[in-house]
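Here the structure is laid out as structure tokens; the discussion comes afterwards.
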Protein chains: 2
Amino acid sequence: MPDRHTLAETEKAMSAHVSDLPLNFPAAAAVSSLYRAANAVRVHLTNSVLRQHGLTWTGFVVLWVVWIWDGLETRRAAENAAISKATLTGVVKTLEARGLITRRVSETDRRLVHLELTPDGLSLMKELYPIFNAAEAEVVAGLSPRSVAQLTNSLRSIVTELETKSTAAMSEEAS
Amino acid sequence: MPDRHTLAETEKAMSAHVSDLPLNFPAAAAVSSLYRAANAVRVHLTNSVLRQHGLTWTGFVVLWVVWIWDGLETRRAAENAAISKATLTGVVKTLEARGLITRRVSETDRRLVHLELTPDGLSLMKELYPIFNAAEAEVVAGLSPRSVAQLTNSLRSIVTELETKSTAAMSEEAS
DNA sequence: GGCCTGTCGTTTGGGCCCGAACAATATCGT
DNA sequence: ACGATATTGTTCGGGCCCAAACGACAGGCC
């Protein structure tokens, strides 16, 4: 076990610098934990499941949304994968080169590009997703089912809150 | 409001593909929410606070840990910021070029590099962190204090669980 | 028809991200 | 003393990440 700084030590060092300021410590702890947990989960699932199949986390997420929706347009794939259109272009290029996904320009609206899994991509997801899900289950295995449900609810509440803020800022911009 | 896929629609599309498989849906929902929330928070805090100061999320995190610990060695900075040593090298190079941080090779062990804030870096953090923390508070404003505490606990539990797994895998490797 | 406005996916440029390989340095065993 | 072993920060290569600028295209409005 590396002698890294413990949580308690970090909080002590922190309070030595900012204890005289009117800060919201629980909020800081929540955001910090959120970042670290998401990172740890991404690293763990990548190393334990995805890497041996030559997939990155983002690549897998893109394959997953295209699979679940039986193919969709680029803009919706980016929304569902929570990445920008620019990023998606690069990721799709990688997946296309691996023969897992195909791009097809729409006949009715030539601006749109429709994404779909190849047979190889489809069989990969059918094989891989149950394994991936089992690893996801392990990640939350230490929590009670009730805690997992509460966790999911709180996280979704945060996402909703921020999406509201974001669209509010956009309409303010437009006025 | 863009007509993106709702949560309920996604779950419906998902069950159409995998309802016959023995999957752990609550675990999948938790991991997915975790990823999306962390992403949304990072984007929000970057755009609303960090960008106008020319800082990235990771750059800010590195500055923060160096600040809180009154300077530390590269390997500890990477641990505390939850990024790899390789990534830290690049981030520090950026921060050094902006005049916010300094690198100093240790006298007693010439392998070690000590990181410290410059006066500019110090005054930036003193000005910026209260603003950043206020934005963090907004992020969890929709949750009750009790929910925030539970959220933090659950997330820390996940991190601890994964760190245990990771060190267990390493000692297995070594044997 | 001919603009005008908005939307689509891509490109560009700069930065983060990591694993693996590496050179420099320290430490341990003998 | 001195080779074997371990640790540190860096480099390298490939991939992800995004904002901004861009060209292609669709639809509305005169």
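Chain naming here is simple, since letters A, B, ... match the order of the sequence lines and numbering starts at 1 in each.
Between the side chains of A/Arg42 and A/Asn39, a donor-acceptor pair is found at a separation under 3.5 Å. Looking only at atom types and distance, the side chain of B/Thr87 has a donor-acceptor partner in the side chain of B/Ser84 under 3.5 Å away.
Closest-nucleotide positions on DNA chain D for A/Asp109 and A/Lys85 were compared, and the one nearer the 5' end corresponds to A/Lys85.
When rounded to the nearest whole Å, the span between CG of A/Leu72 and C1' of C/dC8 equals 15 Å.
Listed pair B/Thr87 / C/dC17 fails the phosphate criterion, with no side-chain N or O lying under 4.0 Å from OP1 or OP2.
Summary of helix geometry: the two end axes of the helix from C/dG1-D/dC30 to C/dT30-D/dA1, each defined by five base pairs via their C1' atoms, are inclined to each other by 0° (rounded to 10°).
Residue B/Leu88 is classed as having no contact, given no heavy-atom separation below 4.0 Å to the nucleic acid. B/Thr108 comes within contact range of the sugar-phosphate backbone alone, with a heavy-atom separation under 4.0 Å but no base atom that close.
By the ring pair (Phe, Tyr, Trp, His ring centres under 6.0 Å) test, A/His114 is found to be paired with no residue, residues two or more places apart in sequence or in another chain being considered. With sequence neighbours excluded, the residues satisfying side-chain hydrogen bond (donor to acceptor under 3.5 Å, both in side chains) with A/Ser106 are A/Thr108.
Contacts between residues 89-107 of chain A and DNA chain C, defined by a heavy-atom separation under 4.0 Å, are made by A/Thr89, A/Lys93, A/Arg103. In the region residues 51-62 of chain B, proximity to DNA chain C at under 4.0 angstrom, judged on heavy atoms, holds for B/Thr56, B/Thr58.
When DNA chain D is scanned in the 5' to 3' direction for atoms under 4.0 Å from non-hydrogen atoms of chain B, the outermost contacting nucleotides are D/dT7 to D/dA19.
A donor-acceptor contact under 3.5 angstrom links the side-chain atoms of A/Arg111 to the base of C/dT7.
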